[in-house]
Amino acid sequence: MPEAPDVEIFIKYFNEHALNQKIKSVDVKTTKVLDGISSSQLKKWLKNRKFVSATRYGKYLLAKTDDDKILVMHFGMSGDLEYFGDSQGNSKHTRVLFNFENDKHLAYISQRMLGHVGETDSLENLKKEKNLGPDVKELKYEEFRDDIQKQRGFVKSFLMNQKHIAGIGNIYSDEILFQTGIHPKKNCNELKENDIKTLYKKLQEVMKVAIENEAHPERMPDSYMLPHRGTDMQCPNGDGKMETIKISGRTAYFCPKIQK
DNA sequence: CTAGATGTTAAGGT
DNA sequence: CACCTTAACATCTA
């Protein structure tokens, strides 16, 4: 659940539940998910601290603490957050558990452990460290155009590359390209200014609609391809069937009749 | 039993 | 140099 819209939902959830409560302790169930910080450092740092706000950058959740540092979470392919009281059960894939003084808990869940939990002192440092480009919601048209015009690779690879745009992954790049009518293997340098304009517009739109639908691809409007992606494979805007190809090791879904 | 799944990164090839 | 593909990470499910 980890592209920008999903993380946006996590932010809301985090801000609703996890702020301004003293952290009693932190349990690290698997040190594998820790990135650049040891289990003991994390525990020591967060004990008696509070989270004061959570924001998103790209696919990262940044939780600011009351000592002006930032807890960084990335969700990989199977990450989730769950806030619960003592009475409720706890996911077996909880990797880090934050225990608050009110006896509630926030679980960082990651089945496949492809995500990470770490620490940074500023967004600028995180961007530098992870090589992140502009966030998908802050991206300016001129910036987008100038960057994409310089590239020679597949347009889908460009959209998914976090150093060009931070926040877009495999499934939303499929939707954006579907709506723009561009084939995922089209080369960036073949795009006309008009294509780039439409691409930019659809990019904003798809992100917005995804967040409105709480990042559930299957709840997107029926004119979107995502509800059909990997299910009935029926293109919603024609009589064609969708097809798949491999790009950058990922499966790209597209409609060959619409996307040229 | 195998392949693939919403991600990132290193390594090797063109 | 720019960009491609593959493998690896650990786990579950179709």
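By convention in this document, chain letters (A, B, ...) are assigned in the order of the sequence lines, proteins followed by strands, and residues within each chain are numbered from 1. Please read all numbers here as calculations on a predicted model, not as lab measurements.
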Just by distance, no angles: are the side chains of [X] and [Y] close enough, under 3.5 Å, to form a donor-acceptor pair?
| X | Y | answer |
| --- | --- | --- |
| A/H228 | A/D222 | yes |
| A/N237 | A/K257 | no |
| A/T244 | A/T251 | no |
| A/N125 | A/T120 | no |

Checklist entry - Charged N to carboxylate O under 4.0 angstrom, A/D66 versus A/R49? => result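 Yes, A/D66 and A/R49 are salt-bridged.
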Next on the checklist: Would you measure the distance from the P atom in B/dT6 across to the matching atom in C/dC3 and give it in whole Å?
Outcome noted: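 It comes out at 24 Å once rounded to the nearest Å.
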Item to check | Nearest-angstrom distance, P atom, C/dC1 to B/dT8 | outcome: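 Comparing P positions in C/dC1 and B/dT8 gives a spacing of 24 Å.
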What integer distance in Å separates [X]:[atom1] from [N]:[atom2]?
| X | N | atom1 | atom2 | answer |
| --- | --- | --- | --- | --- |
| A/M77 | C/dA7 | CE | C1' | 13 Å |
| A/L114 | B/dT6 | CG | C1' | 11 Å |
| A/L61 | B/dT6 | CG | C1' | 17 Å |
| A/Y60 | B/dT8 | OH | P | 6 Å |
| A/F10 | B/dG7 | CZ | P | 12 Å |
| A/M207 | B/dT6 | CE | P | 14 Å |
| A/E175 | B/dT6 | CD | P | 14 Å |
| A/M160 | B/dT9 | CE | P | 14 Å |

Item to check | Pairs involving residues 192-204 of chain A, ordered by first then second residue, that meet salt bridge (Lys or Arg N to Asp or Glu O under 4.0 Å) (sequence neighbours left out) | outcome: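 Non-adjacent pairs meeting salt bridge (Lys or Arg N to Asp or Glu O under 4.0 Å): A/R145-A/E193, A/K202-A/E205.
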For a quick test of your reading: what N or O donor-acceptor pairs under 3.5 Å do the side chains of residues 57-64 of chain A make, sequence neighbours left out?
residue, atom, partner, partner atom, Å
A/Y57, OH, A/G133, O, 2.7
A/Y57, OH, A/D135, N, 3.1
A/K59, NZ, A/I168, O, 3.4

Item to check | Dot-bracket line, read 5' to 3' along DNA chain C, where crossing pairs take [ ] and | marks a partner on another strand, Watson-Crick or G-U under 3.5 Å | outcome: .||||||||.||||
Contact under 4.0 Å: [X] side-chain N or O vs [N] OP1/OP2:
| X | N | result |
| --- | --- | --- |
| A/T251 | B/dA5 | yes |
| A/K59 | B/dT6 | no |
| A/H116 | B/dT8 | no |

Next on the checklist: Please say yes or no: joined through hydrophobic side-chain contacts below 4.5 Å, possibly via intermediate residues, are A/L159 and A/F178 part of one cluster?
Outcome noted: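 Yes, one cluster joins them.
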Sequence neighbours excluded, which residues qualify as ring-ring contact (aromatic ring centres under 6.0 Å, His included) partners of [X]?
| X | answer |
| --- | --- |
| A/Y224 | none |
| A/H164 | A/F158 |
| A/F14 | A/F51 |
| A/H183 | A/F254 |

Next on the checklist: For the aromatic rings, using the six-membered ring if either is Trp, is the centroid distance between A/F10 and A/F75 under 6.0 Å?
Outcome noted: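 Here the rings of A/F75 and A/F10 have centres that are less than 6.0 Å from each other.
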Distances under 3.5 Å between nitrogen or oxygen atoms of protein and nucleotides 3-6 of chain C:
residue, atom, partner, partner atom, Å
C/dC3, OP1, A/Q151, NE2, 3.3
C/dC3, OP1, A/R152, N, 2.6
C/dC3, OP2, A/Q151, NE2, 2.9
C/dC4, OP1, A/F154, N, 2.7
C/dT5, OP2, A/S248, N, 3.4

Next on the checklist: Please check if the number of heavy atoms outside A/K241 that lie under 6.0 Å from its NZ is greater than 12.
Outcome noted: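 Count over threshold, so yes.
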Checklist entry - Any sub-3.5 Å donor-acceptor pair from A/N213's side-chain atoms to A/A215's backbone N or O? => result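 Pair absent, no side-chain N/O of A/N213 close to backbone of A/A215.
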Item to check | Side-chain donor/acceptor of A/Q259 to backbone N/O of A/C255, under 3.5 Å | outcome: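 Such a contact is found between A/Q259 side chain and A/C255 backbone.
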N/O to N/O distances under 3.5 Å, protein versus nucleotides 10-12 of chain B:
none

Next on the checklist: Let's see if you get this right: which residues in residues 123-147 of chain A place a heavy atom under 4.0 Å from DNA chain B?
Outcome noted: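 Residues of residues 123-147 of chain A under 4.0 Å from DNA chain B: none.
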Could you list all N or O pairs between the protein and nucleotides 11-14 of chain C that sit under 3.5 Å apart?
residue, atom, partner, partner atom, Å
C/dT11, O2, A/Q111, OE1, 2.8
C/dC12, O4', A/Q111, OE1, 3.3

Item to check | Residue list, salt bridge (Lys or Arg N to Asp or Glu O under 4.0 Å) with A/R250, at least two apart or on another chain | outcome: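 A/R250 satisfies salt bridge (Lys or Arg N to Asp or Glu O under 4.0 Å) with no residue once adjacent residues are dropped.
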